[in-house]
Amino acid sequence: MKTLLFYRETKYSFFLVLISLFTLSSCEDFLEEQPTTEIDANYIYSSEAGLKSGIVGLYSLERERYETGTEDYMGSVLMSSRSDLAFSRTGYTGLMGRYERGVSPIDQGTNFTSSLFWDHYYSIATKATEIINAAEVLDDIEEESRNQIIAEAKFFRAHSYFYLYRMYNNIYVTTQSLESAFDVINDKSSEEEIFTLLNDDLTFAIANLEWTDTFGRITKGTAKHVKAKVAMWQGDWIEAKNQALGVIEGPDSPHSLVSSTADVFAGDRNNSESLFVIQRNNELAGGGGLNMMNANYVTQYFQISGIESNNEQGGRGFSRILPNRYLMGLIAEDPNDTRDDDTYFRLKWYYTSGSNFGEEVDNYAPFPSTDYQNYYKRMHPSCIKFAQEDGNQDSYLITGNILVYRLAETYLIAAEAIMNSTGNPLPYINAIRTRANAAPLASVSQQDILDERARELAFEGQRWFTLKRMGQAVIDFQMTNYAGDGEFFPANLGSKDPRENWMPHFINWPIAQRDLDLLGAGYPQNDGY
């Protein structure tokens with residue numbers, strides 16, 4: 001069986017997509033551009049240079065989810081909007097984040113996620129498989145080069161299938177190429193099949209990638225980090241521990257925590273903590289277009305007279321998804337914690353012109369104000385992790401690199417894995433707290449892990465997956481008690497309240513009916529839909 005029928009577009013014109021992607025160069029030193037007239041199927045799959053172009057195409061495809069403009073660039077922020085840490089204020093992302101949409105196989109929100117996630121990651125996995133299978137049989141190529149190509153492609157295949165599994169559960173995986181792929185898929189893959197593929201691909205990637213490479217390319221550390229995450233989903237705490245410690249303490253690992261929370265998201269994110277960074281620079285060929293990721297997370301403070309949008313306060317915001325009171329309360333538990341000190345989150349806004357220049361804005365103080373809706377729109381604390389220091393402060397759209405995986409999460413993986421196996425987890429969770437100037441813990445529980453992941457990793461796209469991994473009881477409790485802001489935003493009570501709207505079967509996303517229609521009659525929808 002093949003995966004062709006998963007895609008409406010790919011099944012018609014796989015090669016045309018390759019032409020459009022493989023002419024691009026995602027990062028400096030990736031590859032020289034190839035004129036479109038020189039690109040053909042023989043070039044792509046029958047030459048070393050063509051296969052390397054194919055790898056560049058995978059990086060370009062990975063970036064597409066962040067730069068696709070669907071509903072205010074929903075694909076880049078959707079997973080954060082649906083967590084227990086977010087208040088989803090408005091727009092279609094708000095509808096999704098409040099579980100008003102994306103909750104049945106036929107609603108428009110599910111169709112959006114079909115394109116932004118299901119089609120997107122199956123497309124990457126399929127193209128990666130084509131590259132792997134071609135590279136394995138190619139003559140006239142140095143073995144080291146062959147293994148590098150296959151390692152990067154296998155990482156992207158594993159990364160894509162892992163994302164799909166965590167989101168949808170009922171998925172189909174394959175290592176077969178697209179050619180002659182017209183068999184109907186009648187059943188999902190078993191967990192054993194899924195995890196065997198993930199682990200095999202990541203083991204090969206770890207063995208054949210280097211610790212360092214051109215900034216933006218995945219490395220041995222990236223693959224080990226993801227393999228540790230896969231192991232946690234299997235409950236293999238020893239493997240998760242070993243992979244995480246290999247990145248943190250391995251003798252050849254170049255990775256270390258940066259010295260302060262202010263340094264984590266500074267500049268282009270090219271630092272010792274970064275494990276995977278989506279590079280976005282519209283001045284580079286293939287370097288990506290614009291995105292609205294930061295704007296979704298920052299308020300429209302500039303609508304207050306006497307304050308203009310400026311990069312120092314987080315750039316021009318659109319105020320779609322905001323940190324909720326539960327998250328801000330977790331950080332405020334330690335008054336010395338620097339993560340709410342204009343590093344990860346901005347709590348206060350300041351006038352930039354007029355007679356009040358430099359003073360703190362207090363238009364809607366004290367909160368709760370009778371004008372609470374404008375408070376949330378214009379003055380609410382905001383996540384500024386994805387702000388761009390040199391971005392266009394008059395535009396919602398910026399470039400800016402996007403940090404996907406970083407060492408702080410590896411430390412928290414190590415702490416959780418050690419807590420569930422052998423050893424002392426305290427040094428690893430306390431390394432994160434000490435860096436944030438928070439008091440160290442004297443003991444570690446699952447709730448401590450969950451809380452510290454909230455403080456450190458909020459709005460980085462991992463939270464919903466963490467809740468699901470920890471189990472039905474955990475995600476049900478967190479969502480029904482903390483999602484949104486409850487009584488503090490009365491307009492969103494009742495049918496707009498994610499705490500009320502959450503249903504246990506939402507632990508798996510619905511597979512869009514239009515995708516099921518391309519599969520065999522027996523292919524299973526997720527339970528509850």
Side-chain angles (χ1 to χ4, degrees), residues 77 79-91 93-100 261 296-301 313-314 317-349 360-385 436 438 447-448 450-464 466-467 474-502:
V77 299
M79 298 309 297
S80 294
S81 78
R82 282 205 157 190
S83 80
D84 59 331
L85 307 178
F87 171 82
S88 298
R89 190 183 70 87
T90 189
T93 305
L95 294 174
M96 296 289 285
R98 298 192 297 267
Y99 293 90
E100 296 179 75
T261 55
N296 270 288
Y297 293 148
V298 177
T299 63
Q300 299 179 40
Y301 59 88
Q313 299 192 78
F318 208 47
S319 194
R320 286 292 191 251
I321 307 163
L322 303 171
N324 64 12
R325 295 178 67 84
Y326 168 61
L327 171 58
M328 301 316 299
L330 287 173
I331 298 173
E333 285 178 359
D334 191 316
N336 297 316
D337 197 319
T338 62
R339 287 171 286 203
D340 61 358
D341 190 23
D342 300 339
T343 60
Y344 296 178
F345 301 97
R346 170 168 282 278
L347 306 189
K348 299 177 181 179
W349 311 96
E360 182 182 344
V361 178
D362 62 354
N363 279 31
Y364 308 100
F367 181 77
S369 163
T370 55
D371 197 3
Y372 70 91
Q373 294 199 51
N374 272 332
Y375 169 84
Y376 274 83
K377 183 178 181 180
R378 300 172 181 175
M379 274 191 60
H380 195 278
S382 299
C383 175
I384 57 172
K385 289 181 175 181
Q447 192 63 49
D448 292 323
L450 194 62
D451 290 350
E452 202 60 34
R453 288 185 70 97
R455 297 182 187 100
E456 183 65 26
L457 302 172
F459 289 69
E460 295 179 44
Q462 303 300 319
R463 181 66 174 189
W464 192 88
T466 298
L467 296 178
V474 171
I475 195 169
D476 288 350
F477 179 83
Q478 293 293 127
M479 294 302 302
T480 57
N481 283 277
Y482 301 124
D485 257 355
E487 62 184 12
F488 291 95
F489 200 91
N492 278 10
L493 293 176
S495 64
K496 294 184 178 182
D497 189 345
R499 303 180 194 187
E500 296 292 328
N501 291 339
W502 172 260

Do you know the tightest heavy-atom contact between [X] and [Y]?
| X | Y | value |
| --- | --- | --- |
| Thr343 | Ile384 | O-CG1, 3.7 Å |
| Ser83 | Arg463 | CB-CG, 3.7 Å |
| Leu85 | Ala458 | CD1-CB, 3.8 Å |
| Arg499 | Gly484 | NH2-O, 3.6 Å |

Below 4.5 Å, heavy atoms only, C-beta onward: do [X] and [Y] meet side chain to side chain?
| X | Y | answer |
| --- | --- | --- |
| Arg378 | Asn363 | no |
| Asp485 | His380 | yes |
| Leu467 | Leu450 | yes |
| Ser382 | Leu322 | yes |
| Asn492 | Arg98 | yes |
| Trp349 | Thr299 | yes |
| Gln313 | Tyr301 | yes |
| Ile331 | Tyr344 | no |

Quiz item: Should Phe87 and Phe489 be marked as a ring pair (Phe, Tyr, Trp, His ring centres under 6.0 Å) after you check the CA-CA gap, both sets of side-chain angles, and the distance that decides it?
Solution: CA-CA 9 Å; Phe87 171 82; Phe489 200 91; 4.8 Å; yes

Using modelled atom types only, decide if a donor and an acceptor are shared between the side chain of [X] and the backbone of [Y] within a distance under 3.5 Å.
| X | Y | result |
| --- | --- | --- |
| Ser319 | Lys377 | yes |
| Tyr372 | Tyr364 | no |
| Gln300 | Gly317 | no |
| Asn296 | Val77 | no |
| Thr480 | Asp476 | yes |
| Arg82 | Trp464 | no |

Self-check item: Distance-only donor-acceptor check, side chains Thr338 and Thr261, under 3.5 Å
Solution: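 Thr261 and Thr338 do have a side-chain donor-acceptor pair below 3.5 Å.
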
Practice problem: Using a strict cut-off of less than 4.0 Å between a Lys/Arg side-chain nitrogen and an Asp/Glu carboxylate oxygen, indicate whether Glu452 and Arg339 qualify as a salt bridge. | Solution: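 Between Arg339 and Glu452 there is a salt bridge, with a charged N closer than 4.0 Å to a carboxylate O.
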
Quiz item: Between Glu100 and Lys496, does at least one N-O distance fall below 4.0 Å, as a salt bridge requires?
Solution: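 No, this pair does not count.
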
Quiz item: Which pairs, with at least one residue in residues 322-331 and sequence neighbours excluded, count as a side-chain hydrogen bond (donor to acceptor under 3.5 Å, both in side chains)?
Solution: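 Every side-chain hydrogen bond (donor to acceptor under 3.5 Å, both in side chains) pair that includes a residue of residues 322-331, provided the two are not neighbours, is Tyr326-Gln478.
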
Self-check item: Partners passing side-chain contact (heavy atoms from CB on, under 4.5 Å) against Ser80 (at least two apart in sequence or in another chain)
Solution: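 Applying side-chain contact (heavy atoms from CB on, under 4.5 Å) to Ser80 gives Tyr297, Phe459.
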
Self-check item: salt bridge (charged side-chain N to carboxylate O under 4.0 Å, His left out) against Arg89, all qualifying residues, sequence neighbours excluded
Solution: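 Here no residue qualifies.
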
